[in-house]
Asks: 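Dumping the structure here so I can ask a few things about it.
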Amino acid sequence: MEYEILQLSVDENIAIVTINRPQALNALNSRFFQEMDAMVSQVSGMPEIRVMVITGEGKAFVAGADIAEMVDMTPEQGIAFSKTGQNTFRSLEKMEIPVIAAINGFVLGGGLELAMGCDFRIASSKAKFGQPEVNLGMIPGYAGTQRLPRLVGLGDALMLLMSGEMIGAEEALRIGLVQKVTEPEQLMEETLKIARIIASKGPMAVKKVKYVTRAGRMMHFDEGCNLESEFFGTQFKAEGEEGMRAFLEKRKANF
Ligand code: CO8
């Protein structure tokens, strides 16, 4: 696909996807979702890629769904647009490799929902977070009502969802919405540092950690433990033997 909004760059075995529509603060339109679906397929088909990073160009990561595109929608179109976004963000969770959001600025509404579809989030100290849908007389439509309380707990989630107010990066860190805050100019460097650490590990082990951890959250605890044992077992011959032998032989594992 010819991308108009997304840009893909590759840094060794890390894919960096930049949302590049800064004139509209990277607001999410239908075209974005087509491109993101294509990007997920493309990157999933690149066996050398071990981590994907998503970031935004300009002063926003994403300032929400495109209000200009939504304003005239019928209820049926609204449901369809909501499902489109939900499916795209779910596909990030379903990617085998880790997906990291590098949040460079405003991350609002659908933008925060995109960031929450990623496996974890690193933010510039200048980033501003919010679910401002109620300011527009709307509610989130890309699973924000479902992911936010799972990430930060019910009280903090409802305060953000009901007030529509923005919070800063330090507050986002405090409530667990982001995992790390950096100086703005250090954001990509710090994100890539973590991405490279992950990329240096056993790639199948990292994929299995993602799968078992995410799948386990939807399961009964004992069922999740059974899944963990099963995947633990399969890792011995997949990568574990090499990893453990390398440790005992005091050398770097060849993953
Ligand atoms: N959609 C469309 N255009 C936008 C959006 C947006 N979400 N956000 C900003 N823009 C545009 C502005 O209209 C402006 O365009 P122009 O230059 O042509 O006038 C340009 O981007 C720059 O924006 P501002 O001039 O407003 O920049 P400021 O620095 O003054 O303000 C803010 C930045 C505070 C981020 C401000 O732009 C703002 O409040 N934006 C809207 C934030 C918002 O309400 N987001 C939530 C949208 S709703 C949503 O995401 C629901 C998701 C689920 C949808 C389910 C589908 C049905």
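All of these numbers come straight from a predicted model, not from anything done at the bench. Read the numbers this way: they start at 1 and go in the same order the structure lists the ligands and their atoms. When reading the values below, keep in mind they use all heavy atoms of this one structure, side chains included, and skip hydrogens, waters and symmetry mates.
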Asks: Is the NZ atom of K126 crowded by more than 12 outside heavy atoms at less than 6.0 Å?
Replies: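 No, not enclosed.
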Asks: Check each atom of ligand 1 against the heavy atoms of G110 and keep those under 4.0 Å away; list them by number with element.
Replies: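 Matching atoms, with element in brackets: 49 (C), 50 (O), 52 (C).
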Asks: Go through ligand 1 atom by atom and flag the ones less than 4.0 Å from a non-hydrogen atom of G78.
Replies: 57 (C)
Asks: Taking 4.0 Å as the limit for heavy-atom contacts, which would you say applies to P132 with ligand 1: side chain only, backbone only, both, or neither?
Replies: side chain
Asks: Measure from atom 45 (N) of ligand 1 to every heavy atom in G109, A63, S82, P75 and give the option owning the shortest one.
Replies: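 The option holding the nearest heavy atom is A63.
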Asks: Taking only heavy atoms of E113, which atoms of ligand 1 are found under 4.0 Å from at least one of them?
Replies: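 Selected atoms, number and element: 52 (C), 53 (C).
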Asks: Begin from the C-alpha positions of Y211 and F231 and carry the test ring-ring contact (aromatic ring centres under 6.0 Å, His included) through to its verdict.
Replies: CA-CA 10 Å; Y211 184 82; F231 276 56; 5.5 Å; yes
Asks: Would you indicate which of Q77, M70, Q86, Q23 comes nearest to atom 17 (O) of ligand 1 when only heavy atoms are counted?
Replies: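 Among Q77, M70, Q86, Q23, the closest heavy atom to atom 17 (O) of ligand 1 comes from Q23.
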Asks: Distance-only, no hydrogens or angles: does the N26 side chain make a donor-acceptor pair with backbone N or O of A63 under 3.5 Å?
Replies: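 No, the answer is negative, given that no donor and acceptor are paired below the 3.5 Å cut-off.
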Asks: Do L114 and V152 share a hydrophobic cluster, counting only Ile, Leu, Val, Met, Phe, Trp and Tyr and linking them when any side-chain heavy atoms are less than 4.5 Å apart?
Replies: yes
Asks: Looking at atom 48 (S) of ligand 1, would you say a protein heavy atom lies below 4.0 Å from it?
Replies: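 Neighbour list for atom 48 (S) of ligand 1 includes protein heavy atoms (cut-off 4.0 Å).
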Asks: Please check if the number of heavy atoms outside L158 that lie under 6.0 Å from its CG is greater than 12.
Replies: yes
Asks: Below 3.5 Å, N or O to N or O, backbone or side chain included: is there any such pair between I67 and ligand 1?
Replies: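 I67 vs ligand 1: N/O contact under 3.5 Å present.
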Asks: What part of M73 sits under 4.0 Å from ligand 1 if we count only heavy atoms: the side chain, the backbone, both or neither?
Replies: neither
Asks: Show the atoms of ligand 1 that are less than 4.0 angstrom away from any heavy atom in L108.
Replies: 35 (C), 42 (C)
Asks: Can you find an N or O of A65 that's nearer than 3.5 Å to an N or O of ligand 1?
Replies: yes
Asks: Please work out, at 4.0 Å between heavy atoms, whether the side chain, the backbone, both, or neither of L136 comes within that distance of ligand 1.
Replies: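 Side chain only.
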Asks: I'd like to check whether K59 has a polar contact with ligand 1, where a contact means an N/O of the residue lying under 3.5 Å from an N/O of the ligand.
Replies: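 Between K59 and ligand 1 (N or O atoms, distance only) the closest approach is under 3.5 Å.
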Asks: Quick one: does I19's side chain get under 4.5 Å of E57's, heavy atoms only?
Replies: no
Asks: For F33 and F89, take the angle between the two ring planes, folded into 0 to 90°, and tell me which bin it lands in: parallel under 30, tilted 30 to 60, perpendicular over 60.
Replies: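 Rings of F33 and F89: tilted, 30 to 60°.
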Asks: Are there over 12 heavy-atom neighbours, none belonging to E12, within less than 6.0 Å of that residue's CD?
Replies: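 No, not enclosed.
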